Amino acid sequence: RSSDLKMFNFGEFKAEDQEKMLGALNKKVGEVYRNCIGENEANITTLHMLTSIENRLEELFEQLDMMPVEKVEAAEKAKEKERRLYALEKKKEEERLLSEERARRALERARAEPKKQTGKKLVFRSEPPQAKKKQKETSDALDKEQEELQYYFS
C-alpha cells in the first residue's frame, strides 16, 4: 500500500497507470459502499463514499458499546466458529482437488506408453570375496596348546 501512495506523491508512474489504479480503487470503494450502506444511487464521489462508510462504522461501534457484553462475546464466538468451519471446508476442498489432480496425473502415467530405456544395459557384478575367518584357526591352535599343557603338566 505504501508503494501505491508513493506512486501518487512522487509521480514515478505514467498518468495512464495512475488512472487505472484510481479506477480500481474507486471500484473497490463502491463495492464496500454497496455492502455497508446500499446502492450508490446519487453517484457520489469516492471520497464521499469513504466518509459515509466511516460514519456508518462509527455508528456501529457505538451500538456495539451499548449492547450487553455477554451477547457481544457470544456473537463473536459464533462468528469465529463459523470462520473456522469455513476455513476447514475450504482446506478440505483444496486437498480434495489436489488429490484428484494427483490421481489424474497417475492415471495419465499409467496409460502412457512405457519409456524405452536407452544407453548401456546394467550388468551384474559379482560380489567381492569374503574374508576367511581366522578366528577358527586361532581357536584350534589354542585347543591344541591346552591339550599339550594338560598332557605334560597333569
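Source: prediction; values computed, not measured. Numbers for residues simply follow the sequence, beginning at 1.
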*Asks:* Applying side-chain contact (heavy atoms from CB on, under 4.5 Å) to K92 and R96, what does each step give before you reach the verdict?
*Replies:* CA-CA 6 Å; K92 283 183 180 179; R96 185 186 63 80; over 6 Å; no
*Asks:* Compare all side-chain heavy atoms of K28 with those of E31 and state whether any distance is below 4.5 angstrom.
*Replies:*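 Yes, at least one pair of side-chain atoms sits under 4.5 Å.
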*Asks:* Walk me through it: do M49 and N26 pass the test side-chain contact (heavy atoms from CB on, under 4.5 Å)?
*Replies:* CA-CA 9 Å; M49 283 192 275; N26 187 22; 3.5 Å; yes
*Asks:* For residues V29 and I53, report the shortest heavy-atom separation together with the two atoms involved.
*Replies:*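 Minimum heavy-atom separation between V29 and I53: O-CD1, 4.1 Å.
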*Asks:* Measuring from atom CZ of R102 to atom CG of L98, what distance do you get when rounded to the nearest 0.5 angstrom?
*Replies:*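 Going from the CZ atom of R102 to the CG atom of L98 covers 4.5 Å.
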*Asks:* Quick one: are K90 and E93 in side-chain contact, heavy atoms under 4.5 Å?
*Replies:*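 No - every pair of side-chain heavy atoms lies 4.5 Å or more apart.
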*Asks:* Nearest 0.5 Å, what's the CD-NZ distance between E113 and K116?
*Replies:*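 Atom-to-atom, E113:CD and K116:NZ are 10.5 Å apart.
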*Asks:* Please determine whether residues L149 and Y151 belong to a single hydrophobic cluster, defined as Ile, Leu, Val, Met, Phe, Trp and Tyr linked transitively by side-chain heavy-atom distances below 4.5 Å.
*Replies:*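 They do share one cluster, since a chain of ILVMFWY contacts under 4.5 Å joins L149 to Y151.
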*Asks:* If you measure from the Lys or Arg side-chain nitrogens to the Asp or Glu carboxylate oxygens, is any gap between E101 and R104 under 4.0 Å?
*Replies:*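 Looking at R104 together with E101, the answer is yes, because their closest N to O distance falls below 4.0 Å.
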*Asks:* What is the distance from atom OG of S99 to atom CD of E94, rounded to the nearest 0.5 Å?
*Replies:*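 Answer rounded to 0.5 Å: 12.0 Å.
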*Asks:* Among pairs that include at least one residue of residues 61-78, which meet salt bridge (charged side-chain N to carboxylate O under 4.0 Å, His left out), considering only residues two or more places apart or in two chains?
*Replies:*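 Passing the test, one end in residues 61-78: no pairs.
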*Asks:* Tell me if the CD atom of E108 is crowded by more than 12 foreign heavy atoms within 6.0 Å.
*Replies:*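 Buried by this count: over 12 neighbours within 6.0 Å.
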*Asks:* Which heavy atom in I37 sits nearest to a heavy atom in S52, and how many Å separate them?
*Replies:*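 Answer, listing the atom of I37 first, then S52: CD1-O, 3.7 Å.
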*Asks:* Is the shortest side-chain heavy-atom distance between R125 and V123 below 4.5 Å?
*Replies:*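 R125 vs V123: side chains touch.
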*Asks:* Please round to the nearest 0.5 Å and tell me the distance separating atom CG of L25 and atom CG of L50.
*Replies:*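 If we round to the nearest 0.5 Å, L25:CG and L50:CG are 7.5 Å apart.
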